[in-house]
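Remarks on the structure that follows.
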Number of protein chains: 2
Amino acid sequence: MIPHECGECPIRHRAVCARCESDELELLDQIKYYRSYESGQTLIWSGDPMDFVGSVVSGIATLTQTMEDGRTQMVGLLLPSDFVGRPGRDSAAYDVVAVTDIVMCCFRKKPFEEMMARTPHIAQRLLEMTLDELDAAREWMLVLGRKTAREKIASLMAIIARRDATLNKNGTRGPLVFDLPLTREAMADYLGLTLETVSRQVSALKKDGVIELEGKRRVTVPDFNRLLEEAGDDSDGGMLI
Amino acid sequence: MIPHECGECPIRHRAVCARCESDELELLDQIKYYRSYESGQTLIWSGDPMDFVGSVVSGIATLTQTMEDGRTQMVGLLLPSDFVGRPGRDSAAYDVVAVTDIVMCCFRKKPFEEMMARTPHIAQRLLEMTLDELDAAREWMLVLGRKTAREKIASLMAIIARRDATLNKNGTRGPLVFDLPLTREAMADYLGLTLETVSRQVSALKKDGVIELEGKRRVTVPDFNRLLEEAGDDSDGGMLI
DNA sequence: TTCCTGCATTGATTTAAATCAATCGCCCCC
DNA sequence: GGGGGCGATTGATTTAAATCAATGCAGGAA
């Protein structure tokens with residue numbers, strides 16, 4: 001809801017439209033429309049026809065794959081400015097589920113594809129975003145394939161902490177505080193674990209002082225480099241951003 | 001080696017240049033150069049400065065990540081026509097290792113980037129290829145996160161069989177025959193397993209008649225749908241291509 | 001031929017994580 | 001205030017895969 005001018009859009013400079021000039025933005029403005037969904041709602045079912053693409057304006061959603069017997073693996077975590085859908089593809093390849101209430105800025109696929117063909121700025125930006133996603137997916141593959149349960153949890157905490165710090169422009173000094181956007185079960189789907197293992201390893205990291213918990217969701221990281229060590233990452237990769 | 005005209009290039013219609021018109025191709029022709037590497041050679045070290053990008057012309061290479069303690073995960077399998085390197089990035093993010101002798105068609109990064117800015121056909125094709133890679137990476141995440149060792153092996157066999165069938169235009173009828181391009185250890189790095197587990201599960205699939213082996217590398221799949229079932233995939237996804 | 005050497009297989013044992021199961025704590029609603 | 005329900009925690013046990021350890025096998029060199 002809350003439709004607005006592109007000029008004052010919160011994701012103006014990070015979404016697929018980031019590179020657009022004001023005249024290009026005006027064209028997009030004409031074909032865009034907003035949709036909002038409630039927490040828990042499935043925006044898109046895998047295999048269904050997809051007649052639109054769009055950007056997450058606010059809220060969080062997940063991209064998941066499900067096997068016939070019900071095993072599920074999260075394959076993407078969609079944050080504000082992330083793009084949903086693939087130009088040139090007719091049916092959705094993954095389930096998209098809202099984790100919080102969410103607002104999307106949508107375009108019907110056909111007009112968007114035409115616009116993309118005429119506007120290199122959009123295609124350029126989409127390429128850049130897709131390359132970033134591919135890097136993230138490959139990082140994630142290392143986590144899934146080779147890390148222990150404890151390292152997986154620490155890695156996830158580090159990813160969320162890092163993202164939170166960039167979004168909210170917190171300095172890199174001092175303890176980091178953030179809220180987990182995911183339930184234990186969603187964390188398990190993210191990491192290829194069971195929710196019991198997630199719970200145990202979160203408790204273990206807490207017991208060992210790597211993280212502090214306030215309630216189930218609010219996390220404090222007193223020493224980010226310590227967290228990175230636990231994640232099995234290069235300890236000198238402590239740069240936020 | 002064996003430099004040639006783009007017009008008679010084996011990957012002309014599938015690589016990053018696929019969409020180029022003959023005049024664009026001529027420009028690429030002027031800035032391209034070939035490099036060849038021997039099996040086992042590391043083409044690129046993670047973290048090293050990357051001053052070129054390029055396409056695999058022939059042969060196979062792997063993209064791998066390594067943790068400090070030596071654990072490694074393959075994050076990409078590079079086949080003829082696949083693109084290596086990321087425009088806009090200065091240093092390599094992954095190790096690239098030749099699995100067979102390999103020939104690359106290279107471009108210095110700077111001229112390629114300039115060319116890309118002027119030639120939408122290249123950027124378009126690169127976007128398409130990157131989106132395909134992202135899909136493959138997400139498929140792979142499901143394999144790594146949720147499949148059993150047996151399912152992982154069956155999934156890998158299915159991927160290679162499918163690829164081989166498209167490359168060599170074998171019909172979908174009858175038993176499929178192909179060569180494994182990877183050692184047991186490389187398969188383990190691909191699937192997040194140990195080489196012993198790979199060996200055991202290959203033997204088990206053979207014992208159960210899902211695959212037949214001639215030597216260590218040559219595989220026959222008598223019933224592709226059976227293999228897909230073992231991989232935990234939709235059994236109706238049996239379409240090759 | 002015989003001896004390497006590098007991959008691969010197979011076996012015995014350990015172990016990390018899954019599974020099965022009970023309980024807790026919090027919020028909401030009646 | 002007393003359920004009911006959902007997410008989370010914790011415990012006991014099982015199990016799939018890792019680890020540790022021999023052995024096999026094919027190809028190349030001496």
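We name chains A, B, ... by the order of the sequence lines, and we start the count at 1 in each one.
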Give each protein N/O atom lying under 3.5 Å from an N/O atom of nucleotides 15-21 of chain C, with the pair distance.
unit_1, atom_1, unit_2, atom_2, d
C/dA17, OP1, A/A149, N, 2.7
C/dA18, OP1, A/T194, N, 3.4
C/dA18, OP2, A/T194, N, 3.4
C/dA18, OP2, A/T194, OG1, 3.1
C/dA18, OP2, A/T197, OG1, 2.3
C/dT19, O4, A/R200, NH2, 2.8
C/dC20, N4, A/E196, OE2, 3.2

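Note that OG1 of B/T72 and CE of B/M67 are 10.5 Å apart. Values are rounded to the nearest 0.5 Å. Separating the CD1 atom in A/I160 from the OG atom in A/S155 is a distance of 11.0 Å, to the nearest 0.5 Å.
In this structure, B/S199 reaches the bases: a heavy-atom distance under 4.0 Å links it to at least one base atom across the strands shown.
At whole-Å resolution of the value, CG in A/L195 and P in D/dC6 are 14 Å apart. In this structure, B/K216 places its NZ atom 8 Å from P of D/dC25, rounding to the nearest Å. The CG-C1' distance, from B/L180 to C/dA8, rounds to 13 Å in whole Å. One interatomic measurement links the two molecules: CZ of A/R217 to P of C/dC27, which rounds to 13 Å at whole-angstrom precision.
Pairing each heavy atom of B/E38 with each of B/Q41, the nearest pair is N-OE1, 2.7 Å.
A/R35 and A/Y33 form no side-chain donor-acceptor contact under 3.5 Å, judged by distance and modelled atom types alone.
Taking 4.0 angstrom as the limit, A/S203 places a side-chain polar atom (N or O) nearer than this to OP1 or OP2 of D/dT10.
No option in B/T197, B/L195, B/V198, B/L193 other than B/V198 meets the side-chain contact (heavy atoms from CB on, under 4.5 Å) test with B/M187.
Identified under the side chain to side chain donor-acceptor pair (under 3.5 Å) test for residues 42-57 of chain B, with sequence neighbours left out: none.
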